[in-house]
Protein chains: 2
Amino acid sequence: MNKTKRITIYDLAKELGISGSYVSRALNDHPTTSEKMREMVKQKAKELNYKHNTSAANLRQGNSKIIGIIVPKINETFFANVIAGIEEICSKYKYHIIICQSEENLKKEKEAIDTLIKQNVDCIMISLSQETKTNAHLLDILANKIHLIQFDRVDESVESYIIKNDNKIAAFNGVEHLIKMGYERIAHIGGPVYLNIYADRKQGYREALLKAKHTLFDDEIDNIALSRTDAKTIALKLLSKQDRPDAFFTSSDQAALGVIQAAKELNISIPKDLGVLGFQDEEFSSFISPNLSSINQQSKQIGISAANLFFKTILKNKVKTTESSTEIINCELMIRESSYRKIAKKFTKTPE
Amino acid sequence: MNKTKRITIYDLAKELGISGSYVSRALNDHPTTSEKMREMVKQKAKELNYKHNTSAANLRQGNSKIIGIIVPKINETFFANVIAGIEEICSKYKYHIIICQSEENLKKEKEAIDTLIKQNVDCIMISLSQETKTNAHLLDILANKIHLIQFDRVDESVESYIIKNDNKIAAFNGVEHLIKMGYERIAHIGGPVYLNIYADRKQGYREALLKAKHTLFDDEIDNIALSRTDAKTIALKLLSKQDRPDAFFTSSDQAALGVIQAAKELNISIPKDLGVLGFQDEEFSSFISPNLSSINQQSKQIGISAANLFFKTILKNKVKTTESSTEIINCELMIRESSYRKIAKKFTKTPE
DNA sequence: ACAATTTATGAAATCGATTTCAAAATATTA
DNA sequence: TAATATTTTGAAATCGATTTCATAAATTGT
């Protein structure tokens with residue numbers, strides 16, 4: 001496309017018979033300009049359909065009013081909601097977001113960081129990929145004096161702001177709810193424990209069982225599954241055993257759905273003979289039959305908090321204090337049909 | 001944060017005892033540089049952790065290698081998938097995406113376009129907000145010599161590339177399927193008809209009925225509902241009438257879900273006494289009970305096609321030909337429980 | 001009315017990569 | 001070997017907004 005010359009401040013200046021520097025100041029409401037002139041300049045700018053050239057300003061000022069976001073997958077409910085939250089706040093402050101997907105891949109994550117640095121972004125908000133076990137690339141962000149906010153899946157060893165759910169407590173409360181409903185042999189299907197979120201959820205599960213003096217179910221084996229099909233396979237196996245679990249706490253709603261499907265196949269009644277509690281509170285959870293109890297992560301709120309942290313705390317702090325702190329977003333336990341039974345099935349207690 | 005001076009090509013140049021211009025060329029593999037020197041320069045760049053300054057290059061070259069995307073809502077499945085598709089292709093070409101939400105709001109859409117122009121984006125991909133009935137802001141994109149690709153919700157009157165589903169045909173096929181299943185009084189719950197997609201779906205519905213010589217059900221009234229609750233209200237009303245519909249074709253899966261819930265409340269059996277066909281094929285549609293038949297829009301493919309259109313067609317065409325064409329992405333009819341009954345309930349035919 | 005102060009305005013430098021054009025170095029040919 | 005062609009290399013201009021600093025204009029005080 002043959003670019004016709006863009007209108008610049010100098011074009012405005014020439015038209016108005018003043019200097020480019022004055023135009024720049026007028027457009028920015030600089031105190032050394034009069035109200036009358038500002039009006040005049042802005043009027044002319046509108047008239048000629050002048051568009052501020054962000055690249056030029058960036059180059060001069062060294063910042064871009066852009067926040068870079070890196071997530072494993074844009075179109076996963078959780079991340080899509082976080083991003084929506086960030087965008088909502090950013091647009092208020094006239095900031096923009098550039099989004100990158102790591103696709104759970106460390107190499108892509110590194111590339112994303114690299115290009116965001118090149119773009120002069122003012123801040124990078126990241127949720128780590130499943131493959132990320134090193135942190136050199138995160139340190140590179142700091143080395144380039146770019147603010148860093150990690151959310152959800154984070155590396156605590158890197159000095160940065162952190163926003164995450166109270167995964168352990170949420171899991172603890174969820175499992176305690178299952179216990180109150182009279183479930184006794186509660187199994188867990190989790191995610192890879194080298195990710196903080198899954199480790200925390202598992203830990204919350206364990207602590208709830210320990211507190212209730214329940215035995216840990218099948219503790220020797222880590223049941224790892226986040227997808228529906230994988231979880232279904234595991235559930236089918238466990239539910240066919242002699243000492244089968246009477247409840248499942250999973251680290252995703254997809255996995256919980258797999259459990260429900262397995263139970264249906266085996267004609268096990270939910271919630272009477274099997275309790276199911278998911279994590280994430282996907283949209284479908286309140287629709288499916290039986291409704292799935294789950295733990296809502298307030299995903300959009302995570303995005304809003306991250307953005308507010310940037311605008312209200314980081315940008316305000318001219319003086320560089322410690323660039324780290326952790327903000328916890330509380331999860332909400334959504335009790336629905338799949339885990340709610342009024343009367344405990346029977347009153348037997350596993351020997352302690 | 002007190003920015004320490006960034007490493008520039010001149011720093012590399014000084015270290016190597018050569019000029020900045022040579023460094024620039026070497027980094028870009030310009031033919032006037034030797035392989036040996038390129039190696040040397042790149043080596044030093046790595047050593048000093050040099051980061052290319054995109055703003056500076058943008059300013060000089062007048063393009064940004066950024067594609068701007070404007071959608072009503074980032075975290076709606078359809079749009080999230082489209083964006084994921086675009087990002088996937090862009091990252092291959094080392095392009096980036098800036099995402100804006102219009103939130104179904106014309107004013108925000110205009111603002112988004114304005115800032116994307118200011119950012120020097122190379123292309124804008126947009127799906128229009130519900131409020132958008134004017135096109136001056138779209139023309140502004142063209143006036144600024146920025147390539148324009150509209151997808152899904154488009155304004156055909158603006159000269160641009162267009163990518164959309166075969167909404168009319170998909171609706172036609174879907175309704176024809178309902179007719180084949182023996183449903184006779186098929187109602188439609190659609191979206192606002194000033195949006196092309198909803199007008200097209202309604203038209204497909206009408207044509208299928210006309211072809212089958214069915215009477216249009218309740219044609220005088222436009223049933224507009226995209227959300228679950230609104231659709232449920234409408235469905236409850238219609239299903240309580242004497243001459244109630246025996247099938248619903250809705251323009252969203254959410255609405256279809258509302259219909260299912262209404263049917264459950266009224267103890268109407270699906271699919272025996274009521275057929276339901278949605279549109280969009282949301283993730284939950286294959287989970288809920290009964291499984292919801294729907295029309296899959298290949299949303300990610302729309303994004304992939306849009307991005308490929310940009311890279312393979314638009315960028316290649318140095319010579320500006322007509323900057324418009326329409327690409328159709330075929331929908332896929334997903335027949336599931338909610339519309340599938342082997343034997344038609346009874347063999348009566350509405351008088352013609 | 002004149003000096004002192006304040007306010008309004010513009011010239012020029014700057015940010016960092018790209019690119020043009022000319023000069024220097026090298027290779028090729030007669 | 002001298003003349004010509006080719007390849008390397010760098011100086012300087014450029015993109016457009018911002019910002020510093022100096023100067024011009026207006027205002028104030030005496």
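In what follows, every chain begins at residue 1, and chains take the letters A, B, ... in the order their sequences are listed.
The side-chain tip of K44(B) does not point at the ring of Y50(B) from less than 6.0 angstrom away and within 45° of straight on. A cation-pi arrangement, defined by a distance under 6.0 Å to the six-membered ring centre and an angle within 45 degrees of its axis, is present between K133(B) and Y194(B).
OP1 and OP2 of dG10(C) both lie 4.0 Å or more from every side-chain N or O belonging to Y22(A).
Within 4.0 Å (heavy atoms only), I18(A) reaches sugar-phosphate atoms of the nucleic acid but no base atom. Among the heavy atoms of the strands lying under 4.0 Å from N28(A) are primed sugar atoms or P, OP1, OP2 only; no base atom is included. Among the heavy atoms of the strands lying under 4.0 Å from T8(B) are primed sugar atoms or P, OP1, OP2 only; no base atom is included.
Remark: aromatic rings of F311(A) and Y95(A) are close, center separation under 6.0 Å.
Where I9(A) and H30(A) meet DNA chain D, the nucleotide closest to each residue was compared, and I9(A) sits on the side nearer the 5' end. Closest-nucleotide positions on DNA chain D for T33(B) and G20(A) were compared, and the one nearer the 5' end corresponds to T33(B). Along DNA chain C, the nucleotide nearest to S21(A) and the one nearest to Y10(B) differ in position, and the one closer to the 5' end is contacted by S21(A).
Rounded to an integer number of Å, the gap from R38(A) CZ to dT9(C) C1' is 14 Å. Atom P of nucleotide dA8(C) and atom CD of E35(A) are separated by 12 Å, given to the nearest angstrom.
Along DNA chain D, read 5' to 3', the first and last nucleotides having any atom under 4.0 Å from a heavy atom of chain B are dT9(D) to dG16(D).
Residues E111(A) and K108(A) are not paired through a salt bridge, judged by the lack of any N-O separation under 4.0 Å between the basic side chain and the carboxylate.
Of the N and O atoms on the side chains of R6(A) and N49(A), not one donor lies less than 3.5 Å from an acceptor on the other residue.
Using a 4.5 Å heavy-atom threshold, the side chains of S160(B) and I149(B) count as separate.
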